[in-house]
Enquirer: 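Starting off with a structure, shown below.
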Amino acid sequence: MKDEITRDERIDNLKGMGCSRKRVEDARFTQGKGNYVDDVKLDGMLFGDFVRSPYAHARITNIDSAAALEVPGVLAVLTAKDLEPLGLHWMPTLAGDKQMVLADGKVLFQGQEVAFVVAEDRYAAADGIEAVEVDYEELPVIVDPFESLKSDVILREDTVDENGRPTDGAHGPRNHPNHIFTWEAGDKAPTEEVLANAEIVAEESMYYHRTHPCPLETCGCVASMDKVNGKLTLWGTFQAPHAIRTIVSLISGIEEHNIRVISPDIGGGFGNKVGAYPGYVCSVVASIVTGKPVKWIEDRMDNLMTTAFARDYWMKGKISATKEGKITGLHCHVTADHGGFDACADPTKFPAGFMNICTGSYDIPTAYLAVDGVYTNKAPGGVSYRCSFRVTEAVYFIERMIEVLAIKLNMDAAELRRINFIKKEQFPYKAALGWEYDSGDYHTAWDKALKTVDYEGLRAEQAQRVEDFKAGKTRKLMGIGLSFFTEIVGAGPVKNCDILGLGMFDSCEIRIHPTGSAIARLGTISQGQGHATTFAQILASEIGLPADSITIEEGDTDTAPYGLGTYGSRSTPVAGAATAMAGRKIRAKAQMIAAYLLEVHDNDVEFDVDRFVVKGAPERFKTMKEVAFAAYNQAIPGIEPGLEAVSYYDPPNMTYPFGAYVCVMDIDVDTGVPDIRRFYALDDCGTRINPMIIEGQVHGGLTEALAVALGQEIAYDDMGNCKTGTLMDFFLPTAWEVPNYETDYTVTPSPHHPIGAKGVGESPHVGGVPCFSNAVQDAFRAFGNTHTNMPHDHWRIWKTANELGLHD
Ligand code: MCN
Ligand code: CUM
C-alpha cells in the first residue's frame, strides 16, 4: 500500500508530545459551559453555612440556636454537641494533628467554624447564622510564634496532660504546649564546626509572610446521601478525590464502595483544595440527618480567612564560604507558624515538607536544617499556593542567603552562583540534606539567561544609575533580580512519601475503542492545568492514535483508578509516567495483534508513529486504528479480545526541574513604586509535552509570584483579627500590574521518568518570588541594604528608601 501522506504529516496529525496543541477544555470554559461545584443543583437541595467566631481565642460558654430555628427556611443547627456522639466533632488533619470540625468548648482563630446552619437556601442560612447566639469568654490571643513558645497560655488543651505538660505529637516529643514538632535534617555538629572556622560567614533572618492562593472559585461541596441504597455522593473542589473518599470512609464509617467522590471542573486550586475542611464533614452529616442533598460553598471572606494559608515561615540562616566565594556550609532554623491546628498537607514523614531542599542548586558540602512548628491563634493550613511542599520557602531562603553572602564577599551575585552550582557531571547528586537530584545542567541555563538579558550591560547601566542618583540627576534606582532554583516535584516514591498512610503512586487506565479512539482515566485532577489536553498528547505519542481521538477523564472515584491527586506538581512526574507506561502496555499487546495480522513473528514488527511496520518491509504495516478494530473483531489465538491497560506507577525518585530567572526593575524612591521593565524566565522541566501550556503555567506562576513578593499578605492585628479578609485589602494583581514575561527553556530530561518529563506547575512561583524580591533588594544594595522582608509594597519600599537616608 502506498502512503498518501508523509511521515512528518503523520506525526503532526497525532498532535503528540512537543506540540502546542490548543487546550481542549477551553471551548467549554470560554463559553460558560463549565460545570463547577456551585453548578451542581439537585432536587430538594439544602444549603449549609457556618456561624464563625469573631474572636481569635475565646472560650464558648453557651450556644443558643432556638431563635435561629424560628427563622423561616432554617431546618437545623449543628454544633459540636450534635457531632460528638458520632465522633465527628474533631477530625484528623493530613499532618497527623486533629482539628475541631465545630468549636468544641473554645475557638482558636478568627473565623473558626462554631455552628452549621442548614436551610432551604443560602439567604435563609445567612439569616439563621445571625440568629444563633453564642456566648464567648475572651482569652489572651497569641499571633506571634516566638511569643507562643514562651507563653503560659495553652492554646491546645487537648495536647497536654493533666499537669499541663505537652504530650508527644505526630512527629515526636514537643518541648512546650504550643510547640508542634521539631524536624531536623543534615548534620548539626559538623555544620557548626564549619561555620565556626569559616573565612567568611553571612547571617540573615527573614520572614516569608503568610499569604493565600485565593483561587477564583472558593472551596465547597455538595453531599448527597441516598438513604435507599446507602450511597453517599460527594461533589467538591477536591484536588485529591480518592484520598477524600478514603478519609470520609475512615471518619464516617461508611464503607468506601458506598462513597462516590466527584471533583467536577475546578476553578483553580493552587493547593487551597488539598485539605479536608469542616464544611465537607458538616455537609455530609447534614445530608445524612436531613436525607436531602446539602451544599456548602465558601464566600470570599470565608476562603481568605479560614482555608489553607501558605508560608508563615521565620527563617534564620548562616552561610559560610572561602574568601574566593566557595560555599562551605549552610545552617537554617525555621520557626513555622501553623495557626490553631497543624493542617498542612505534606507527606507524612515530612512535617516541614521538602524544606530540606534549601541547599538549592549549589554544591554545599555541609548543612543542617531544623524546623519548629508552633501553634498560634491563626487559621490552620500551611501547604498551598504553588509551593511544591515548602520548596518555595526553601528557594526563597537560599536565594536570599546567596545575595547576602555576595554582599559580604563584595562579589557579583551571578558569579557567586556560577562558582557554586552543582556541575553537570556531578548528577545524580546527593545533597547534604539528603535528596538525590536526578539531573541538571545549571551552567548552561545560567549562561543562556545572563547572555539573553545582557547581564554585563545591565550591571553597567545600574552602576551609571547609582552615579546619576547620587548626582541628583534621577530619583529612580535600578534593581537586577536574579534567581536560580531547583525544585523537587513528583511525590513520590511510595517508600518515603505517603499521605495518611496512602502511598503516593499514581495511575492511568486506558480503553481503546474498536474504531481507534480511546478514553484514559487518571488518578489526578486538573484545576486549570490542562490535563485533558496534555495527557492525551503523551498517549498520542505512545500509542499512535491522534490526541483528538483520546478523551481524558479525571476526578470521579467510581470510574477513575485510585490516585493521590494533583498538587506538588506531581501529575506529570507520576500520573504522566503512569500514562506512558499504560500506553506501552497497550502497544505491547497491539504489537502481537499486528504481527498476527501481518503473519510475521512479534519481533519482526516495529512501532513507527501510528503503525506497526514489518522490519525491512516498510510497505507492509497495520495502523494502530486497524489493530484496535482487530482487537474486537478477530479471534486471535492466545490473545484475549479487547485493548485495555492500567498502570499504577511508583516513581523511583522525584524529578528536579530548575530554572534561571532575571527581573529588571526601576524603583521610584519617592513613591516606592516599582516598575518591572523586564522579566526573563528560563525553565527546564525536562521533556516538554505542550510548550504552550508550559508557557501558560509560567505566566500564571510568575504573576502569583509578583503578587506575593510585591504586596499580597494575610495579616493579623494583635487581637488576631484578620486584616486582609477581602479583596479590598488582599492584593490580587491584574493586567495593570503584570509585566510582559519572556519565557525560554533548556531541556534536561529526567533519567528515570519514562518520557523524561519533570513537573513545571509550581516552578515559576518558586523561582519567581525570590527573583522579584531580589530585584527590590538589589536596587538598594549600593546604599547599604542587605535584606528587607516581603511583601515589598509601595509603603515598605518607600520606608526602605527612607531608612537608608535616600529622602534627605
Ligand atoms: N507539562 C508539560 N510538560 C512538562 C511538564 C508539565 O507540558 N514537562 C504540562 C502538564 O501536562 C500539565 C501542566 O503542564 O498540563 C502542569 O503539569 P505539572 O507540572 O505536572 O503540574 P500538575 O498538573 O500536577 O499541577 C499542579 C500544579 C500545582 S501543585 C499548583 S499549586 C498549581 C499549578 O499546578 N495550581 C494551578 N498550576 C495551576 N494552574 C492553574 N491553571 N490552576 C491551578 O490551580
Ligand atoms: Cu503546594 S500548592 Mo500545589 O501543591 O496544589
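Values below: all heavy atoms of this structure, side chains included; hydrogens, waters and symmetry mates excluded. Numbering of ligands and ligand atoms starts at 1, following listing order.
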Enquirer: Just let me know how T687 lines up against ligand 1, side chain, backbone, both or neither, with a heavy-atom cut-off below 4.0 Å.
Expert: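 Backbone only.
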
Enquirer: Show the atoms of ligand 2 that are less than 4.0 angstrom away from any heavy atom in Y385.
Expert: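 Matching atoms, with element in brackets: 2 (S).
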
Enquirer: Show which atoms of ligand 2 fall inside a sub-4.0 Å distance from at least one heavy-atom site of Q239.
Expert: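 The atoms of ligand 2 under 4.0 Å from a heavy atom of Q239 are 5 (O).
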
Enquirer: Within a distance under 4.0 Å of any heavy atom of Y567, pick out the atoms of ligand 2 and give their elements.
Expert: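 Matching atoms, with element in brackets: 3 (Mo), 4 (O), 5 (O).
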
Enquirer: Would you say I693 has any N or O atom under 3.5 Å from an N or O of ligand 1, going by distance alone?
Expert: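 Between I693 and ligand 1, no N or O pair is found under 3.5 Å apart.
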
Enquirer: Show your working on side-chain hydrogen bond (donor to acceptor under 3.5 Å, both in side chains) between T703 and Y741 and close with a plain yes or no.
Expert: CA-CA 9 Å; T703 300; Y741 300 117; 3.1 Å; yes

Enquirer: If you count every heavy atom of other residues, nucleotides or ligands that lies below 6.0 Å from M581 atom CE, does the total exceed 12?
Expert: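 Counting neighbours around CE of M581, 12 or fewer heavy atoms of other residues, nucleotides or ligands fall under 6.0 Å, so no.
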
Enquirer: Where is the nearest protein heavy atom to atom 38 (C) of ligand 1: which residue, which atom, and how far?
Expert: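 Protein heavy atom with the smallest distance to atom 38 (C) of ligand 1: R386 NH2, 3.3 Å.
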
Enquirer: Where is the tightest heavy-atom contact between I266 and Y36, given as atom of each residue plus distance?
Expert: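 The answer is C-CE2, 3.8 Å.
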
Enquirer: Are any of the N or O atoms of C387 closer than 3.5 Å to those of ligand 1?
Expert: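 There is no such contact.
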
Enquirer: May I ask you to identify, for Q697, whether its side chain, its backbone, both or neither come under 4.0 Å of ligand 1 on a heavy-atom basis?
Expert: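 Within the 4.0 Å criterion, Q697 contacts ligand 1 through side-chain atoms alone.
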
Enquirer: Would you confirm whether the ring centroid of Y437 sits within less than 6.0 angstrom of the ring centroid of F658?
Expert: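 Not close enough - the centres of the two rings lie 6.0 Å or further apart.
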
Enquirer: Will you find, in the side chains of D441 and T748, an N or O donor that is under 3.5 Å from an N or O acceptor?
Expert: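 No pair is found: no donor N or O on one side chain lies under 3.5 Å from an acceptor on the other.
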
Enquirer: Do any nitrogen or oxygen atoms of V760 lie less than 3.5 angstrom from nitrogen or oxygen atoms of ligand 1?
Expert: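 By distance alone, the answer is yes.
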
Enquirer: Would you indicate which of G269, G530, G756 comes nearest to atom 44 (O) of ligand 1 when only heavy atoms are counted?
Expert: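 Nearest heavy atom to atom 44 (O) of ligand 1 lies in G269.
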
Enquirer: Atom 24 (O) of ligand 1: which protein heavy atom is closest, and how many Å away?
Expert: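 Result for atom 24 (O) of ligand 1: S571 OG, 2.7 Å.
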
Enquirer: Give the C-alpha distance, both sets of side-chain angles, the deciding distance and a yes or no for side-chain hydrogen bond (donor to acceptor under 3.5 Å, both in side chains) between T743 and E695.
Expert: CA-CA 7 Å; T743 56; E695 188 172 41; 2.8 Å; yes

Enquirer: Can you name the atoms of ligand 2, numbered from 1 with element, that are less than 4.0 Å from a heavy atom of F270?
Expert: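 With F270 as reference, the close atoms of ligand 2 come out as 2 (S), 5 (O).
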
Enquirer: Between K758 and ligand 1, which residue portion shows a heavy-atom distance shorter than 4.0 Å: side chain, backbone, both, or neither?
Expert: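 Near ligand 1, K758 shows its backbone, while the atoms from C-beta on stay back.
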
Enquirer: Do D438 and H752 get their side chains close enough for a donor-acceptor pair, meaning under 3.5 Å?
Expert: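 Looking only at side-chain atoms, H752 and D438 do form a donor-acceptor pair, the distance falling under 3.5 Å.
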
Enquirer: Return the closest protein heavy atom for atom 10 (C) of ligand 1 as residue, atom name and distance.
Expert: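 Checked against all protein heavy atoms, atom 10 (C) of ligand 1 sits closest to T572 OG1, 3.3 Å.
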
Enquirer: Indicate yes or no: does an N/O atom of N690 lie under 3.5 Å from an N/O atom of ligand 1?
Expert: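 Between N690 and ligand 1, an N or O pair is found under 3.5 Å apart.
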
Enquirer: Look at atom OH of Y745 and say whether more than 12 heavy atoms of other residues, nucleotides or ligands are closer to it than 6.0 Å.
Expert: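 No - once you tally the heavy atoms of other residues, nucleotides and ligands closer than 6.0 Å, there are 12 at most.
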
Enquirer: Once you restrict to heavy atoms under 4.0 Å, what part of I689 touches ligand 1? Side chain, backbone, both or neither.
Expert: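 Answer for I689: both.
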
Enquirer: Do ligand 1 and G268 have nitrogen or oxygen atoms that lie under 3.5 Å from each other?
Expert: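 N/O-N/O distance below 3.5 Å does not exist for this pair.
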
Enquirer: Which of the atoms in ligand 2, numbered in the order shown and given with their element, are less than 4.0 Å from a heavy-atom of C387?
Expert: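 Once the distances to C387 are compared, the set is 1 (Cu), 2 (S).
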
Enquirer: Do any N/O atoms on E762 end up under 3.5 angstrom from N/O atoms on ligand 2?
Expert: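 N/O-N/O distance under 3.5 Å: yes.
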
Enquirer: Looking at ligand 2, does any of its N/O atoms fall within less than 3.5 Å of an N/O of G568?
Expert: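 Between G568 and ligand 2 (N or O atoms, distance only) the closest approach is under 3.5 Å.
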
Enquirer: With respect to T566, determine whether any N or O atom, backbone or side chain, lies less than 3.5 Å from an N or O atom of ligand 2.
Expert: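 No, T566 has no N/O under 3.5 Å of an N/O on ligand 2.
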
Enquirer: Of the backbone atoms (N, CA, C, O) and the side-chain heavy atoms from C-beta on, which set of R386 has a member under 4.0 Å from an atom of ligand 2: side chain, backbone, both, or neither?
Expert: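 It is the backbone that touches ligand 2; the side chain stays farther off.
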
Enquirer: Return yes if a side-chain donor-acceptor contact under 3.5 Å exists between Y442 and T486, otherwise no.
Expert: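 Side-chain D/A pair, Y442 to T486: present.
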
Enquirer: Determine whether the side chains of T306 and Y277 contain a donor N or O and an acceptor N or O closer than 3.5 Å.
Expert: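 Judged by distance alone, the side chains do not pair up.
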
Enquirer: Can you report which non-hydrogen protein atom sits closest to atom 23 (O) of ligand 1, along with the distance?
Expert: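 Scanning the protein heavy atoms, the shortest distance from atom 23 (O) of ligand 1 goes to H531 NE2, 2.6 Å.
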
Enquirer: Quick one, T307 with N303, criterion side-chain hydrogen bond (donor to acceptor under 3.5 Å, both in side chains). Give me CA distance, side-chain angles, the key distance, then yes/no.
Expert: CA-CA 5 Å; T307 41; N303 182 255; 3.2 Å; yes

Enquirer: Work out whether the distance between some heavy atom of G686 and some atom of ligand 1 is less than 4.0 Å.
Expert: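 No.
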
Enquirer: Between F389 and F354, is the ring centroid distance below 6.0 Å?
Expert: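 So the answer is yes for these two rings.
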
Enquirer: Could you tell me whether G271 and ligand 2 have an N or O pair separated by under 3.5 Å?
Expert: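 So ligand 2 has an N or O lying under 3.5 Å from an N or O of G271.
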
Enquirer: For residues Y313 and Y396, establish whether the separation of their ring centroids is below 6.0 Å.
Expert: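 No, the ring of Y313 stays outside the 6.0 Å limit from the ring of Y396, centre to centre.
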
